[in-house]
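Accompanying notes for the structure given below.
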Protein chains: 2
Amino acid sequence: MASRSDTKTRILDAAEKLFAERGFSETSLRLITSKAEVNLASVNYHFGSKKELIRAVLARYLDVFMPAAAKEISRLHTAPNQASLDEIFSALVAPLLELNKLRAEGTTIFLQLLGRGYIESQGHLRWFITTHYGEPLAKFVKAVQASVPHIPSAEMFWRLHFTLGTVVFTMASADALTEIAAADFGEHNDIEAVIRKVIPYMAAGVAVPVINNEKGLL
Amino acid sequence: MASRSDTKTRILDAAEKLFAERGFSETSLRLITSKAEVNLASVNYHFGSKKELIRAVLARYLDVFMPAAAKEISRLHTAPNQASLDEIFSALVAPLLELNKLRAEGTTIFLQLLGRGYIESQGHLRWFITTHYGEPLAKFVKAVQASVPHIPSAEMFWRLHFTLGTVVFTMASADALTEIAAADFGEHNDIEAVIRKVIPYMAAGVAVPVINNEKGLL
DNA sequence: GTTTAATTTAAACGAGTGTTTTAAATCAAT
DNA sequence: ATTGATTTAAAACACTCGTTTAAATTAAAC
């Protein structure tokens with residue numbers, strides 16, 4: 001059943017790296033298969049199509065991350081007192097860093113894939129994630145809303161997408177940014193340091209009071 | 001010299017809409033020229049290549065927006081008292097909305113183009129903008145830093161990129177998000193409403209105090 | 001009005017894409 | 001060892017892409 005060092009895995013490993021770096025549509029199957037040192041046709045044999053390969057790459061991470069994240073959120077709920085926004089966001093850090101044990105650079109790759117997916121696939125990935133992982137997602141949103149009850153849910157919808165944009169864009173260009181930061185400020189950040197920097201930023205933005213500014217200066 | 005209703009303009013008008021909607025690499029010259037009702041070869045005749053067409057599309061907006069934004073920032077400097085972060089970000093709103101007078105949906109298109117460009121062109125657009133519009137950009141950064149002097153410049157570097165990510169990702173998917181918001185919450189937001197929502201979010205994140213969390217719980 | 005230059009047109013080029021096909025090789029089970 | 005299903009291999013297919021070419025058309029200049 002299994003062969004060599006598993007062609008399927010070799011394809012997934014090569015594909016996720018290239019997808020994260022250059023995006024999905026900019027990555028050809030020929031480039032993937034040559035990096036993976038497998039035959040071109042094996043992609044269609046094992047996965048059916050490029051689109052299904054993309055889904056498989058994402059699912060391999062989401063299937064690990066989502067349950068772990070849900071477990072962390074649940075743990076917050078059973079805590080004695082109300083969790084702060086910082087605590088809720090920070091609860092996702094451990095599941096994210098766990099991905100580094102799954103594969104080298106796993107955390108970065110996962111976040112970059114997520115960003116690429118959201119941007120490239122015109123809402124298609126958004127549908128895929130919400131339908132396949134709706135439960136842990138809803139749990140997270142609920143925890144956030146309970147933590148800042150003064151924010152209406154419509155406003156929260158927007159702020160959570162702002163937050164998604166912040167993390168996704170940051171991670172998509174994290175490599176370039178850490179390089180610049182090292183050159184300009186002598187800072188040497190790894191992915192965890194960047195995550196720890198972004199959490200207070202997002203928490204402050206999500207929690208900021210809503211001001212009724214409808215009659216503001218035009 | 002000029003012909004018909006200006007082929008060059010017809011191409012730019014059709015291209016910017018398609019680029020904003022579907023991204024640069026997902027938009028073929030054949031699609032652009034068919035929407036513009038011009039011949040395929042006229043793109044290469046007038047612009048030389050697709051890459052130069054992309055630059056021309058962006059420059060047509062940047063040449064209007066950047067000077068206007070710089071002027072607004074300068075006006076803040078001469079104000080009697082120190083400008084708040086909200087005021088600094090809000091100073092960009094008027095120049096942004098001015099683009100709607102330039103062309104229909106100009107504001108949305110410009111912001112979406114900016115987002116697409118930053119994401120798709122691996123730092124290439126970042127270089128283009130900083131070298132061609134470095135002066136107004138530096139002026140903006142300076143104003144932000146003066147407004148929140150308690151943030152070290154290294155931290156500010158990261159936060160401004162978080163901010164860029166927030167706005168860029170939000171605008172790249174603004175159409176989809178406004179649709180969802182309308183369906184789920186009955187909210188009908190235009191681009192200005194979204195901009196007014198995102199400003200407090202970003203301002204709060206940029207200004208949040210830095211806590212020395214190096215010995216935080218792992 | 002003829003000549004000259006600028007522009008538009010239709011067609012083709014060459015390279016790259018995802019996918020399919022056909023045959024050979026590999027493997028597990030009889 | 002032979003069978004039968006998997007897996008790999010190489011090639012071709014059908015298509016799209018950006019770009020180029022060369023002729024036809026339009027506009028400008030004299």
Side-chain angles (χ1 to χ4, degrees), chain A residues 1-60 113 116-117 119-122 124-125 128, chain B residues 1-60 113 116-117 119-122 124-125 128:
Chain A
M1 199 176 200
S3 77
R4 212 171 29 155
S5 58
D6 213 15
T7 302
K8 222 166 158 178
T9 306
R10 295 178 63 85
I11 293 173
L12 287 170
D13 290 346
E16 68 173 29
K17 256 179 229 160
L18 293 167
F19 284 155
E21 280 174 8
R22 353 162 90 242
F24 299 109
S25 63
E26 303 292 325
T27 303
S28 70
L29 295 184
R30 282 167 178 83
L31 182 58
I32 293 171
T33 53
S34 76
K35 286 270 181 190
E37 291 178 320
V38 301
N39 188 268
L40 168 62
S42 56
V43 171
N44 289 76
Y45 176 79
H46 283 291
F47 297 96
S49 69
K50 184 182 181 181
K51 192 170 263 177
E52 290 175 70
L53 170 62
I54 294 174
R55 266 212 281 268
V57 165
L58 282 167
R60 201 161 63 138
L113 288 174
R116 301 276 187 195
I119 291 156
E120 277 194 36
S121 66
Q122 293 278 62
H124 182 264
L125 177 67
F128 175 74
Chain B
M1 199 172 198
S3 76
R4 214 171 27 157
S5 60
D6 212 16
T7 303
K8 222 166 158 177
T9 305
R10 296 178 63 86
I11 293 173
L12 286 169
D13 289 346
E16 68 173 30
K17 258 181 225 158
L18 293 167
F19 284 155
E21 279 174 11
R22 349 163 91 243
F24 299 110
S25 63
E26 303 291 327
T27 304
S28 69
L29 294 185
R30 282 169 177 82
L31 181 58
I32 293 171
T33 52
S34 75
K35 286 270 180 190
E37 293 179 319
V38 300
N39 188 269
L40 167 63
S42 56
V43 172
N44 288 295
Y45 176 78
H46 283 288
F47 297 95
S49 69
K50 185 182 181 181
K51 190 170 265 176
E52 289 174 70
L53 170 63
I54 294 174
R55 265 212 281 269
V57 165
L58 282 167
R60 201 160 62 138
L113 289 174
R116 300 276 186 194
I119 291 157
E120 277 194 36
S121 65
Q122 292 280 62
H124 182 265
L125 177 67
F128 175 73

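We name chains A, B, ... by the order of the sequence lines, and we start the count at 1 in each one.
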Quiz item: Whole Å only: how far is the CZ atom of B:Phe47 from the C1' atom of C:dT7?
Solution: 14 Å

Self-check item: Distance in angstrom units between B:Ile32 CD1 and D:dC17 C1', rounded
Solution: 12 Å

Quiz item: Just checking A:Thr33: base, sugar-phosphate only, or nothing, at a heavy-atom cut-off of under 4.0 Å?
Solution: nothing

Quiz item: How close or far is atom P of C:dT8 from atom CD of B:Glu37, stated in whole angstroms?
Solution: 14 Å

Exercise. Give the rounded distance in Å between these two atoms: CG of B:Leu40 and P of C:dC13.
Key: 16 Å

Quiz item: How close or far is atom C1' of C:dT17 from atom CD of B:Glu26, stated in whole angstroms?
Solution: 12 Å

Quiz item: Does A:Ser28 make a side-chain N or O approach to OP1 or OP2 of C:dG16 shorter than 4.0 Å?
Solution: no

Practice problem: Give B:Ser25 one of three labels, base, sugar-phosphate or nothing, depending on what nucleic acid heavy atoms sit under 4.0 Å from its own. | Solution: nothing

Exercise. Please test B:Asn39 against B:Tyr45 for side chain to side chain contact (heavy atoms under 4.5 Å, CB included), starting from the C-alpha separation and ending with a verdict.
Key: CA-CA 10 Å; B:Asn39 188 269; B:Tyr45 176 78; over 6 Å; no

Practice problem: Could you check how far OH of A:Tyr45 sits from C1' of C:dT22, rounded to whole Å? | Solution: 15 Å

Quiz item: Which heavy atom in A:Ile32 sits nearest to a heavy atom in A:Phe19, and how many Å separate them?
Solution: CD1-CZ, 3.8 Å

Exercise. Name the closest nucleotide to the B:Ser49 side chain, picking from D:dT19, C:dT21, C:dG18.
Key: D:dT19

Practice problem: Please state how far atom CD1 in A:Ile54 lies from atom C1' in C:dG18, giving the value in whole angstrom units. | Solution: 11 Å

Quiz item: Considering only heavy atoms from C-beta outward, does the side chain of B:Arg60 approach that of B:Glu16 to under 4.5 Å?
Solution: yes

Quiz item: Do the side-chain N or O atoms of A:Ser42 get closer than 4.0 angstrom to the phosphate oxygens (OP1, OP2) of D:dT7?
Solution: no

Quiz item: Is the shortest side-chain N/O distance from B:His46 to OP1 or OP2 of C:dT8 below 4.0 Å?
Solution: yes

Exercise. Flag the pair B:Asp13 and B:Lys8 as a salt bridge only when some basic side-chain nitrogen lies within less than 4.0 angstrom of an acidic carboxylate oxygen.
Key: no

Self-check item: CA sep, side-chain torsions, deciding dist, call: A:Leu113, A:Ile54, side chain to side chain contact (heavy atoms under 4.5 Å, CB included)
Solution: CA-CA 9 Å; A:Leu113 288 174; A:Ile54 294 174; over 6 Å; no

Quiz item: Within the modelled atom types, does a donor on one side and an acceptor on the other bring the side chain of A:Arg30 and the base of C:dG16 under 3.5 Å apart?
Solution: no

Quiz item: How long is the line joining CG of B:Asn39 and P of C:dA11, in whole Å?
Solution: 11 Å

